[in-house]
Amino acid sequence: MNNKIIKKIKEETNNSSYIIYREKYIKKKRIDIIYHEALTSQDKLSDFIYRSLDKIEKIYNEKDFLYDTIKNNIANIKIKKIKNYQDIITYLNNGFVILLIEDDYSLALEVKQNLSRSIDKPTTEMTVRGPMDSFTENIETNIGLIKRRIKSNKLWNKDLFLGKYTKTKISILHIDGISSSEIENKIIEKLNKIKIDKVIDSGTLKHLIQKEYKSIFPTIISTERPDKVSDALLNGKTVIIIDNSPFALIMPISFNDFFISEDDKDSKFMNNTLTRILRYTAFLITVITPGAYIAITTFNREMLPLELLINFASQRSTVPFPAFFEALLMLLSFDILRESDLRIPNIGGSAISIVGALILGEAAVNAGIVSPIMIIIEAITAISALLFTEPELINAIKWYRLLFMIGGTTFGMFGVYIVFIYFLTNLSSINSFNKPYLMPYVPLSIQGLKNSIIKFPLVKRTKRDKYYSKNITRIINK
Amino acid sequence: MSKKIDSIEFTSLFILTFLSSSIGLSLYTTIKYASINSYIGVLISFITSIIPLLIFIFILNYKQEQNIKEKIKHLYGKYLGTIINYTLIRLFFIVAITILFNLSNFIVSQYLSDTNILYIMILLSVTLYFSLNKGIETISRISSIFTLIFLILLIIAIFSVKKEININNLKPFLEDGINDPIKAGLINSLLTIIPCFSLLIIPKQNITNNNKVIKHIIIGYIISSIILFLISIISNSILGEYLIQIYQYPAYISLKKASLFNFIDKIENFFSLAWILSSFIGIITSLYYIKETITKSNKQIINIPLIIILVIVSYKLFKNNTIFDNYIIKYYPINLLSILIIFIIISITIIIRKILKKD
Amino acid sequence: MKKIKYLLLILLLTGCQNYRELTDIAITTAISVDYNTNTNEYILLTQVVNSVKQQDATSSNEPTFINFTSTSTSLSEGLSKIVLESPRKLYTTQTQIIILSKEVIENKLNEVLDYFIRNPEIRGETLILLAPDKEDLKGITIQTLLDNLSSSNIVSSLKESEKEGYTTLITLNNLTDMYLNPYKEIILPTLHIEGNINVADEEINKTSTNYKGTVKIGPLAIFKNTTYLTVLSLDESKYLNIIRNTLNKSIITMPYNEGYITFELYNIKAKYKPDIKNNTITLTIKGNAKTYETITNTNIENKEKVRDIQKYFNKYIKENVLDTFNNIRTNYNTDIFNFRDIYHKCNPKYLNQNYHNWYKEKYPKLELKINSNIKLYEKGKIKEEIIYVKENR
């Protein structure tokens with residue numbers, strides 16, 4: 001019987017040199033040991049399993065059932081029973097060692113090797129005064145980092161395995177009593193209908209859960225900080241953790257979540273209010289400024305004082321292009337520079353940034369291609385966009401920036417106002433998992449408003465947002 | 001979808017629909033009848049608008065799970081009810097084209113004087129189409145944001161012109177007697193509160209916080225009346241008796257004197273955003289009424305012909321400015337009065353049925 | 001997403017005719033209008049900014065502004081004929097001043113006002129000036145150093161003069177109001193040119209520290225129903241401003257005790273109490289004053305002396321105001337103080353019934369009672385008079 005199984009495995013894997021087959025006899029009964037060399041750790045195998053098999057050989061009585069003896073006496077804590085051939089394949093590919101014992105009984109023992117990097121600082125979201133550990137590619141480490149922070153039995157999880165070839169493990173977490181399992185059930189229902197080849201990372205999963213063409217603004221946040229994830233769980237949100245990806249997904253979200261950072265817990269409410277107002281102002285600046293500048297200098301020039309207007313006119317007299325193309329050219333060059341910044345290895349970085357500064361600086365002005373005022377406008381726009389850490393938000397803003405510019409060239413300030421109305425309509429109509437996107441502002445919720453553009457002190461924020469969870473009271477002892 | 005909206009959003013729809021005719025329609029007619037005493041007309045209209053407001057609340061409270069179309073069908077039967085419904089559709093359509101032409105005329109005459117008015121109308125109607133497609137939830141959300149922006153802009157505007165106010169320009173008080181302001185007040189109350197009747201298309205059950213709706217609406221009514229009164233009295237006191245009669249949009253001209261902190265001036269452009277937003281909501285409520293009365297399902301296919309007919313009729317009907325001005329003085333109040341009469345008859349029918357205990 | 005396509009298409013296909021680049025406009029900062037009664041034509045003179053880089057302008061000897069002229073029978077055609085001479089179309093939104101000549105105001109004021117008020121590109125806050133002589137119309141062609149544009153020069157000078165009490169600011173809206181209101185008369189600030197006009201618009205005017213030709217703001221000019229009467233003197237201008245309640249600050253010299261004291265008035269407010277049945281108006285003047293020069297050989301630390309000075313000063317102001325009022329009334333018989341408007345605002349019915357012939361019967365008999373209540377406030381850095389200290393040691 002064992003030979004048949006071994007033959008089948010060899011056929012399926014094309015006699016792969018990484019799968020090792022070993023025979024061992026315990027008092028003339030044969031057991032086969034099968035393991036995958038790249039996934040298991042040789043030390044654990046030799047030290048624990050092989051040595052304990054030797055010990056078992058000594059205490060084995062020929063009348064007893066070999067399977068039971070091995071199961072009771074083997075020196076490995078995680079033992080799984082194998083019921084059919086499919087289990088053998090699953091466990092073999094997951095880093096388990098298979099013991100084929102007589103008469104169709106088999107065991108699988110875990111001797112997994114840790115193939116991921118150690119816990120490191122986060123690379124995309126930095127804080128000044130917060131914890132600095134981040135997720136890695138190993139799902140157990142990630143769950144461990146979360147569990148260290150939420151030491152309660154109510155943190156429930158459900159596991160799924162997705163992808164025909166990848167069989168990636170994902171875990172859906174939520175805290176029972178604070179959030180309902182409605183979102184979880186919806187996600188599981190959706191994912192069970194899909195048959196997909198691969199789920200390699202969190203981005204693909206994002207697009208499986210929500211349709212891509214519903215809106216251009218992101219409705220799921222991905223993060224690599226465990227403290228942000230535990231905060232979200234305690235507010236009533238649902239989190240998905242994926243194997244082999246250091247980014248976890250949080251849902252549902254609102255527009256306000258892009259303007260909150262983990263540093264805010266450290267500062268007082270009055271200082272923090274100013275910072276939040278600054279972030280909202282930066283958002284408006286980065287979307288509206290190029291369009292408003294073009295509208296003011298081509299249609300509504302009476303809004304400028306006379307000296308400024310003469311200055312602009314004298315600067316623009318040397319430039320041959322209309323204002324719209326000039327702005328487009330500057331935006332294009334800045335975006336190309338930014339893309340190249342993400343791709344270039346660290347070694348060649350400094351020379352490229354010098355070239356970029358030269359392009360955007362004196363040389364372009366002196367050659368007569370752009371005017372100095374346009375460079376200032378583009379610099380303000382680009383720097384304001386660097387305040388946000390979620391890359392999907394920046395990509396969505398680019399579309400609207402273009403639309404505001406088009407509205408400004410064709411109809412002046414009136415065009416800018418019309419595009420502004422369209423922008424607000426679009427934002428208000430987005431629903432993230434049936435919760436409105438502009439959450440604390442427009443379906444007005446006072447508790448949510450206490451942690452949005454203005455912030456109230458900690459002792460006054462005693463309730464949870466009623467749109468996320470039914471269990472409203474938090475307990476804070478004064 | 002259950003189409004639930006919040007009671008604060010409902011109030012903001014009410015406020016902006018009330019103020020949607022403030023720039024060209026209501027101020028124009030009050031000045032035409034009562035020139036320098038038009039603010040007294042606005043004050044009188046605050047009192048005379050209470051009766052339509054009570055009718056509005058009364059009809060809203062009756063049979064809270066049905067909207068106005070179903071209520072009419074329930075009261076009058078199938079045939080008569082359909083006739084009344086379609087008459088109301090025609091009357092509210094006239095409201096929508098008036099506000100659309102008013103807004104486009106304002107933009108063309110003050111800013112983009114070389115553009116054909118048709119382009120502005122097409123641009124506005126495309127945005128209206130997008131917003132109408134999204135449904136009542138989105139419309140109510142954007143209207144509460146717009147109300148906030150409107151109030152902030154208005155407060156800044158009042159603050160920046162306060163040193164130009166000259167009370168001497170308002171004297172002599174009531175030189176020609178009180179008859180003219182009373183006439184102006186009656187017409188003003190028609191112009192401002194009748195478009196709000198299109199909000200009856202939302203049944204009261206669909207509003208969360210059911211018990212606070214009435215209180216919020218009364219507060220919203222008081223706020224919008226105060227705003228209209230302030231606009232009227234400030235623009236009268238800045239410009240004086242003779243300039244008010246020759247300018248077409250005196251409220252806008254008086255904003256040109258705004259100056260903040262002694263160096264920011266010439267910013268009347270920002271304040272015109274407030275009028276664009278309120279007219280926008282005014283048109284959308286009437287269009288939503290028409291759409292919901294024709295078909296209650298979620299299909300949005302009716303929106304396209306509706307918007308196209310709106311633009312074509314509005315462009316062809318008002319050929320130039322003078323025709324539009326005459327129309328506002330003579331025919332538009334008759335239109336609004338007929339809407340009011342229909343709703344008075346409906347409320348009398350409800351009272352009679354309640355007395356006879358048929359319900 | 002496919003819906004955004006429609007919005008984009010519409011925005012791109014419809015071009016807007018108002019679109020003009022900054023390089024296609026000629027920014028106009030001043031317009032002067034003159035009317036030739038013989039040939040029935042308007043003569044227009046506009047000042048346009050030369051938009052070259054300022055460093056290049058001063059180094060290459062280019063002027064910072066250019067003037068264009070045109071003549072035509074109607075105003076709008078005149079302003080559009082300027083493109084026959086200038087390479088760009090006029091852009092009049094930033095116009096700061098409009099200068100009108102006597103002939104325009106006497107003959108064609110309603111047409112000029114109709115054009116300027118109806119035009120959406122000209123703001124109602126543009127300042128209006130009167131040029132009493134034909135030569136003064138060229139005031140906007142003079143090159144100046146402190147402000148690069150001569151129109152900015154005129155505007156700043158006018159605003160400072162208004163603060164010092166020599167004149168008032170009249171905007172386009174104010175002028176229309178004065179013209180349409182049957183109870184008010186027109187007054188306007190003036191400007192005139194001194195010096196050598198022939199070289200004033202050349203470079204030589206800027207390269208020397210003494211100007212060869214300058215523009216000066218003059219006192220107010222008065223009208224009677226669009227007929228030009230005269231330009232007042234500086235002192236009469238000051239007192240006229242006090243009566244009309246448009247004075248902010250001013251300097252008045254009062255002779256006292258073989259010497260004189262100069263007072264600087266500030267925070268002056270005038271209130272009217274009209275008594276229409278007896279045809280009298282009571283004017284109350286309140287405010288503060290401080291002294292900067294006292295050459296009277298009195299001890300100004302003494303309480304009673306100061307009270308004396310205050311009484312004497314108030315009497316002096318009262319006499320001078322009455323004198324101005326009577327002079328203007330007897331010499332010119334025009335109601336530039338807007339007293340008829342004040343009567344109309346307090347009791348319009350009585351005015352309509354009884355005051356039919358304002359200029360023949362009622363205005364010559366108007367009695368003006370003045371109460372002046374100006375308080376002396378401070379004396380500057382020193383406590384005593386220098387001449388008093390020297391002579392009474």
Side-chain angles (χ1 to χ4, degrees), chain A residues 214-215 254-255 280 284 288 292 295-309 403 406-431 434-446 448-449 452-454 466-467, chain B residues 1-2 4-9 11-12 103-104 106-108 110-115 119-120 122-135 137-149 208-209 256 263-270 272-277 280-281 284:
Chain A
K214 255 193 174 169
S215 77
S254 74
F255 191 62
Y280 275 95
L284 281 178
I288 297 184
I296 289 182
T297 52
T298 52
F299 281 88
N300 299 87
R301 280 172 224 110
E302 66 257 12
M303 293 169 79
L304 294 171
L306 182 64
E307 293 87 12
L308 202 59
L309 184 61
L403 211 58
I406 294 178
T409 30
T410 46
F411 283 99
M413 277 313 268
F414 176 64
V416 170
Y417 293 151
I418 293 289
V419 179
F420 181 67
I421 292 179
Y422 177 71
F423 175 63
L424 275 182
T425 313
N426 214 6
L427 266 186
S428 324
S429 67
I430 302 177
N431 283 335
N434 281 339
K435 311 271 189 246
Y437 202 55
L438 289 179
M439 179 76 82
Y441 305 113
V442 175
L444 190 67
S445 110
I446 312 247
L449 209 58
S452 65
I453 192 167
I454 48 174
K466 67 177 187 246
Y467 281 95
Chain B
M1 271 224 199
S2 60
K4 282 213 180 272
I5 67 176
D6 205 28
S7 86
I8 293 184
E9 295 165 1
T11 313
S12 64
L103 180 64
S104 319
F106 171 65
I107 302 277
V108 164
Q110 304 296 321
Y111 293 119
L112 309 167
S113 41
D114 292 339
T115 327
Y119 292 152
I120 310 280
I122 291 181
L123 192 62
L124 277 172
S125 53
V126 167
T127 327
L128 284 170
Y129 170 70
F130 282 148
S131 305
L132 203 57
N133 253 354
K134 307 274 186 189
E137 286 174 336
T138 310
I139 294 175
S140 58
R141 284 179 207 167
I142 61 175
S143 88
S144 53
I145 300 180
F146 286 173
T147 315
L148 197 63
I149 299 178
T208 59
N209 303 349
K256 285 202 179 194
F263 72 96
I264 305 180
D265 52 357
K266 306 180 184 172
I267 48 170
E268 72 272 4
N269 230 326
F270 285 129
S272 65
L273 176 66
W275 279 305
I276 295 178
L277 295 178
F280 191 79
I281 297 289
I284 271 204

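Quick caveat: nothing in here was measured; it's all calculated off a predicted structure.
Proximity to chain A (any heavy atom under 4.5 Å) is restricted, for Ser144(B), to the side chain, taken from C-beta onward. Within the 4.5 angstrom heavy-atom criterion, atoms from both the backbone and the side chain of Asn269(B) approach chain A. Phe420(A) touches chain B through its side chain: at least one heavy atom from C-beta onward sits under 4.5 Å away, while N, CA, C and O do not. For Leu128(B), no part sits under 4.5 Å from any heavy atom of chain A, backbone or side chain. For chain A, the nearby part of Leu277(B) is the side chain; its heavy atoms alone come within less than 4.5 Å. In this structure, the portions of Phe270(B) lying under 4.5 Å from any heavy atom of chain A include both its backbone and its side chain. Only the backbone of Leu304(A) comes within contact range of chain B, judged by heavy atoms closer than 4.5 Å. Contact annotation for Met413(A): only side-chain heavy atoms (C-beta onward) come within less than 4.5 Å of a heavy atom of chain B.
Between Lys134(B) and Thr425(A), the closest heavy-atom pair is CG-CG2, 4.3 Å.
In this structure, Ile142(B) CD1 and Leu427(A) CG are separated by 11.5 Å, a value rounded to the nearest 0.5 Å. The CG atom of Leu424(A) lies 5.0 Å from the CD1 atom of Ile145(B); values are rounded to the nearest 0.5 Å. Atom OG of residue Ser428(A) and atom CD of residue Glu137(B) lie 11.5 Å apart, to the nearest 0.5 angstrom.
Counting heavy-atom pairs closer than 4.5 Å to chain A, the top-ranked of the candidates Asp6(B), Thr208(B), Ile120(B), Leu148(B) is Ile120(B).
In this structure the side chain of Ile421(A) reaches within 4.5 angstrom of the side chain of Phe146(B), judged on heavy atoms.
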Start with the C-alpha gap between Glu9(B) and Leu444(A), add the side-chain angles, then the distance that decides, and say whether side-chain contact (heavy atoms from CB on, under 4.5 Å) holds. CA-CA 9 Å; Glu9(B) 295 165 1; Leu444(A) 190 67; over 6 Å; no
Would you sort out whether Phe414(A) and Leu124(B) count as a side-chain contact (heavy atoms from CB on, under 4.5 Å), showing the intermediate values? CA-CA 10 Å; Phe414(A) 176 64; Leu124(B) 277 172; 4.2 Å; yes
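Within a 6.0 Å radius of CD1 in Ile453(A), more than 12 heavy atoms belonging to other residues, nucleotides or ligands are found.
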